[in-house]
Chemist: 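Got a structure here, written out as structure tokens. Questions coming.
Worth knowing before you read on, the calculation uses all heavy atoms, side chains too, and leaves out hydrogens, waters and symmetry mates. This one's a predicted model, so the numbers in the text were calculated from it and none came from an experiment. Lettering of chains follows the sequences in order, A, B, ..., and the numbering in each one begins at 1.
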2 protein chains.
Amino acid sequence: MKIGELAKKTDCSVQTIRYYEKEQLLCTTQRSDGNFRLYDEAAVEQLLFIKLCRNLDLSLSEIRQLLTLKRSPGAQCDQVNRMMDTHIQQVETRIQELVQLREHLKSLRRSCSSERTIEQCGILQTLTTNQHQKR
Amino acid sequence: MKIGELAKKTDCSVQTIRYYEKEQLLCTTQRSDGNFRLYDEAAVEQLLFIKLCRNLDLSLSEIRQLLTLKRSPGAQCDQVNRMMDTHIQQVETRIQELVQLREHLKSLRRSCSSERTIEQCGILQTLTTNQHQKR
DNA sequence: GCTTGACTCTATAGTGACTATAGAGTTTAA
DNA sequence: TTAAACTCTATAGTCACTATAGAGTCAAGC
């Protein structure tokens, strides 16, 4: 199958597939006479695997590592587990940051009502006075 | 004061200040004979305002809007309120996405223990079988 | 007056994970 | 044969910086 069909089957854009190839996540094994990329079912599977990983917010580099690991089925899977643990921790941290941010934003928003002028705006006042704190 | 002093006072890198100038968030009103940027206290205030907004994850474009609004103190502040509401909503959505993602990652992680081989790895098995779902 | 070092200047390239475009070539159907 | 639909490579853009190169400026010490 050509790249367009692979794109449709995996709900991936054609450019993204070419980008993944450049990034060594999906290699094209065959080319047609007219130099078109040709793919088989294994490519569909691999691309769907990549998409699932991306949905888990794994970076392309992490996915590249997973793909390498998949190629040595006899090895221990500690590395996969460790990667997941690290990744879960990162997501956890980001959630906590965002929750704090949300509370900050909400309290800021409460400091203003809609009938004020810019000069009286509680939000701008808070941001402008010297209560400079770090995240 | 020169750019280095402004950078120290605001805990901002010199390059970032120049970048903000290029992005029209902080204009340099004066230059020295040797073409060095010169700043006053108002610049310190404005840069600290920008930093606070960045800590709230506001985009440079949103901050540019706020700075423009600040220059017309008589106008209504609805626009500020609306921007904050939109922004809070975005943060809320992102938190919910990440919470779902975290649960997905955790359940995936539970499917594997450390004494397995890659072939038996519950994580890779789940990601490889055809349970392809969208986020 | 000269040198050294710390500072500043502009311009350009890199980050990550794509997306979009230009300009060319290939294939397929009418 | 010709038009449309597809594909190719190469390059630039996104965001908010960060890093670098190569040049110029300035103050202190000799």
Chemist: Salt bridge or not for B:Arg54 and B:Asp11, using N-O below 4.0 Å?
Modeler: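 B:Asp11 and B:Arg54: not salt-bridged.
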Chemist: In chain order, what residues pass the salt bridge (charged side-chain N to carboxylate O under 4.0 Å, His left out) check against A:Arg116, with sequence neighbours excluded?
Modeler: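 Once residues adjacent in sequence are excluded, A:Arg116 has no partner under the salt bridge (charged side-chain N to carboxylate O under 4.0 Å, His left out) criterion.
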Chemist: C:dC18 phosphate, OP1 or OP2: any side-chain N/O from A:Tyr20 under 4.0 angstrom?
Modeler: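 Answer yes for this pair, as a side-chain N or O of A:Tyr20 is under 4.0 Å from OP1 or OP2.
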Chemist: For DNA chain C, write out the stems as range with range, using runs of 3 or more consecutive Watson-Crick or G-U pairs with both distances under 3.5 Å.
Modeler: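 C:1-30 with D:1-30 - these are the stems of 3 or more pairs that involve DNA chain C.
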Chemist: What is the separation between atom CG on B:Leu60 and atom P on D:dT14, rounded to the nearest whole Å?
Modeler: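 Answer to the nearest Å: 13 Å.
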Chemist: Under 4.0 Å between a side-chain N/O of B:Arg64 and OP1 or OP2 of D:dC15, yes or no?
Modeler: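 So the side-chain polar atoms of B:Arg64 never come under 4.0 Å of the phosphate oxygens OP1 or OP2 of D:dC15.
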Chemist: What is the separation between atom CD on B:Glu5 and atom P on D:dA27, rounded to the nearest whole Å?
Modeler: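 Computing the B:Glu5:CD to D:dA27:P distance gives 14 Å.
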Chemist: Which nucleotide wins on minimum distance to the side chain of A:Tyr19, given the candidates D:dT18, D:dC8, C:dA17?
Modeler: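 Closest nucleotide among those given: C:dA17.
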Chemist: Please report the distance, rounded to the nearest Å, between CG in B:Leu38 and P in C:dC9.
Modeler: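 Nearest whole value for this atom pair: 9 Å.
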Chemist: Once you apply a heavy-atom cut-off of 4.0 Å, does A:Ser61 come out as touching a base, just sugar-phosphate, or nothing?
Modeler: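 Counting heavy atoms under 4.0 Å across all strands, no contact is made by A:Ser61.
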Chemist: Measure the distance from CG on B:Leu47 to C1' on D:dC17 and round it to the nearest whole Å.
Modeler: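 The distance from CG of B:Leu47 to C1' of D:dC17 comes to 14 Å, rounded to the nearest Å.
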Chemist: Respond yes when some side-chain nitrogen or oxygen of B:Arg37 is under 4.0 Å from OP1 or OP2 of C:dT10, and no when none is.
Modeler: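 Checking B:Arg37 against C:dT10: at least one side-chain N or O falls below 4.0 Å of OP1 or OP2.
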Chemist: Produce the list of close N/O pairs, under 3.5 Å, pairing protein atoms with atoms of nucleotides 19-26 of chain D; give distances to one decimal.
Modeler:
residue	atom	partner	partner atom	Å
D:dC26	OP1	B:Gly34	N	3.2

Chemist: Going by side chain to side chain contact (heavy atoms under 4.5 Å, CB included), name the residues that satisfy it together with B:Ser72, two or more places apart in sequence or in a different chain.
Modeler: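 B:Ser72 satisfies side chain to side chain contact (heavy atoms under 4.5 Å, CB included) with B:Ala75 only.
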Chemist: Which residues pass the salt bridge (charged side-chain N to carboxylate O under 4.0 Å, His left out) test with A:Asp40, not counting sequence neighbours?
Modeler: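 For A:Asp40 there are no salt bridge (charged side-chain N to carboxylate O under 4.0 Å, His left out) partners, ignoring immediate neighbours.
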Chemist: Measuring from A:Arg109:CZ to B:Asp85:CG, what's the distance to the nearest 0.5 Å?
Modeler: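 CG of B:Asp85 is found 4.0 Å from CZ of A:Arg109.
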Chemist: Could you state the CD-P distance from B:Glu23 to D:dA16, rounded to the nearest angstrom?
Modeler: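 Computing the B:Glu23:CD to D:dA16:P distance gives 8 Å.
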Chemist: For B:Tyr39, give me all partners under side-chain hydrogen bond (donor to acceptor under 3.5 Å, both in side chains), at least two apart in sequence or on another chain.
Modeler: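 Partners of B:Tyr39 under the side-chain hydrogen bond (donor to acceptor under 3.5 Å, both in side chains) test: B:Thr28.
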Chemist: Write down the distance between CE (A:Met1) and P (D:dT7), rounded to a whole number of angstrom.
Modeler: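 Atom-to-atom, A:Met1 to D:dT7, this comes out as 12 Å.
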Chemist: Assign each of B:Lys22 and A:Val14 to its nearest nucleotide of DNA chain D by heavy atoms, then name whichever residue's nucleotide is nearer the 5' end.
Modeler: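 The residue closer to the strand's 5' end, by nearest nucleotide, is A:Val14.
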Chemist: Give the rounded distance in Å between these two atoms: CG of A:Leu26 and P of C:dA17.
Modeler: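 Result: 16 Å.
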Chemist: Establish, with yes or no, whether the OP1 or OP2 oxygen of D:dC15 is under 4.0 angstrom from a side-chain nitrogen or oxygen of B:Ser59.
Modeler: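 Result: no.
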Chemist: Give the minimum heavy-atom separation between B:Ile3 and B:Arg18, together with the two atoms involved.
Modeler: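 Closest pair (atom of B:Ile3, atom of B:Arg18, distance): CD1-CG, 3.5 Å.
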Chemist: Check side-chain hydrogen bond (donor to acceptor under 3.5 Å, both in side chains) between B:Arg102 and all other residues, then give those that pass, not counting sequence neighbours.
Modeler: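 Residues passing side-chain hydrogen bond (donor to acceptor under 3.5 Å, both in side chains) with B:Arg102: A:Glu92.
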Chemist: Among residues at least two apart in sequence or on other chains, which ones pass side chain to side chain contact (heavy atoms under 4.5 Å, CB included) with B:Glu5?
Modeler: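 For B:Glu5, the residues satisfying side chain to side chain contact (heavy atoms under 4.5 Å, CB included) (neighbours in sequence not counted) are B:Met1, B:Lys9.
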Chemist: Whole Å only: how far is the CG atom of A:Leu6 from the C1' atom of D:dC6?
Modeler: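 Taking CG of A:Leu6 and C1' of D:dC6, I get 15 Å after rounding.
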Chemist: Given C:dA17, D:dT7, C:dT19, which nucleotide is nearest the side-chain atoms of A:Thr16?
Modeler: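 Within the option list, the nearest is C:dT19.
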Chemist: Return the set of residues passing salt bridge (charged side-chain N to carboxylate O under 4.0 Å, His left out) with B:Arg37 (not counting sequence neighbours), or none when no residue passes.
Modeler: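 B:Glu21.
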